[in-house]
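Notes for the one structure printed next.
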Amino acid sequence: MPTQHPTAKPTHRSHSETISYNKLAAPAVQAGGGRALARGGRVVAHDAGIAERTVLIEFDSFEQAVAAHASAAYQEALAALADGVERDFRIIEGLD
């Protein structure tokens, strides 16, 4: 079964809201079966790409990734952001 990879490219507006989100999101993602593959770090953008912070999480199935995002624990983390971040969030199906 292919692994699943939600990606998020956040643009932070409020440092305090981001800290609150991070404290709640990491355990929520782990409880949902997610494993962080990349969180920030160096980026080189090509063509129309934008060099910005990207987070890459791996799950064992697409359904597991969708369920983790919909979970009460992760929704609580999102509520902590309020308007503190603009996100480009995607759940993509991986290859075998």
Side-chain angles (χ1 to χ4, degrees):
M1 177 179 292
T3 57
Q4 312 311 309
H5 302 91
T7 64
K9 296 187 293 184
T11 303
H12 301 283
R13 294 187 188 133
S14 168
H15 183 68
S16 63
E17 290 173 352
T18 302
I19 289 172
S20 297
Y21 165 81
N22 288 340
K23 287 180 181 178
L24 296 168
V29 168
Q30 290 172 347
R35 298 171 297 282
L37 300 181
R39 188 180 297 124
R42 299 188 307 168
V43 175
V44 174
H46 296 280
D47 302 322
I50 300 170
E52 59 190 1
R53 184 176 192 273
T54 301
V55 177
L56 178 64
I57 308 292
E58 179 179 59
F59 288 86
D60 290 332
S61 71
F62 186 83
E63 293 74 18
Q64 188 180 36
V66 171
H69 184 271
S71 72
Y74 191 72
Q75 292 304 305
E76 181 182 355
L78 288 176
L81 284 175
D83 292 327
V85 69
E86 179 180 310
R87 295 164 29 104
D88 176 358
F89 186 94
R90 300 160 192 215
I91 298 175
I92 58 172
E93 186 172 34
L95 302 173
D96 284 328

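In what follows, every heavy atom counts, from backbone to side chain, and hydrogens, waters and symmetry copies are set aside. Residues: numbered from 1 along the sequence shown.
For the pair A80 and S20, the tightest heavy-atom approach, listed with the atom from each and the gap, is CB-CB, 4.0 Å. Nearest heavy atoms, G32 versus A68: CA-CB, 4.1 Å. Shortest non-hydrogen contact noted between V29 and I57 is CG1-CG2, 3.6 Å.
Here CZ of R90 is found 4.0 Å from CG of D88. Values are rounded to the nearest 0.5 Å. D60 CG to R35 CZ: the interatomic distance, rounded to the nearest 0.5 Å, is 4.5 Å. In this structure, the separation between CG on N22 and CD on E17 is 12.0 Å, given to the nearest 0.5 Å. Here the CD-CD distance, from E93 to E63, works out to 8.0 Å after rounding to the nearest 0.5 Å.
Hydrophobic clustering (side-chain heavy atoms under 4.5 Å, transitive across Ile, Leu, Val, Met, Phe, Trp, Tyr) keeps L81 apart from I19.
Side-chain atoms of R39 do not come within 3.5 Å of backbone N or O of L37 as any donor-acceptor pair. No side-chain donor-acceptor contact under 3.5 Å links S61 to the backbone of F59.
By the 4.5 Å heavy-atom criterion applied to side chains, V55 and R53 are counted as neighbours.
Under the rule for a ring pair (Phe, Tyr, Trp, His ring centres under 6.0 Å), the partners of Y74 that lie at least two apart in sequence or sit in another chain are H69.
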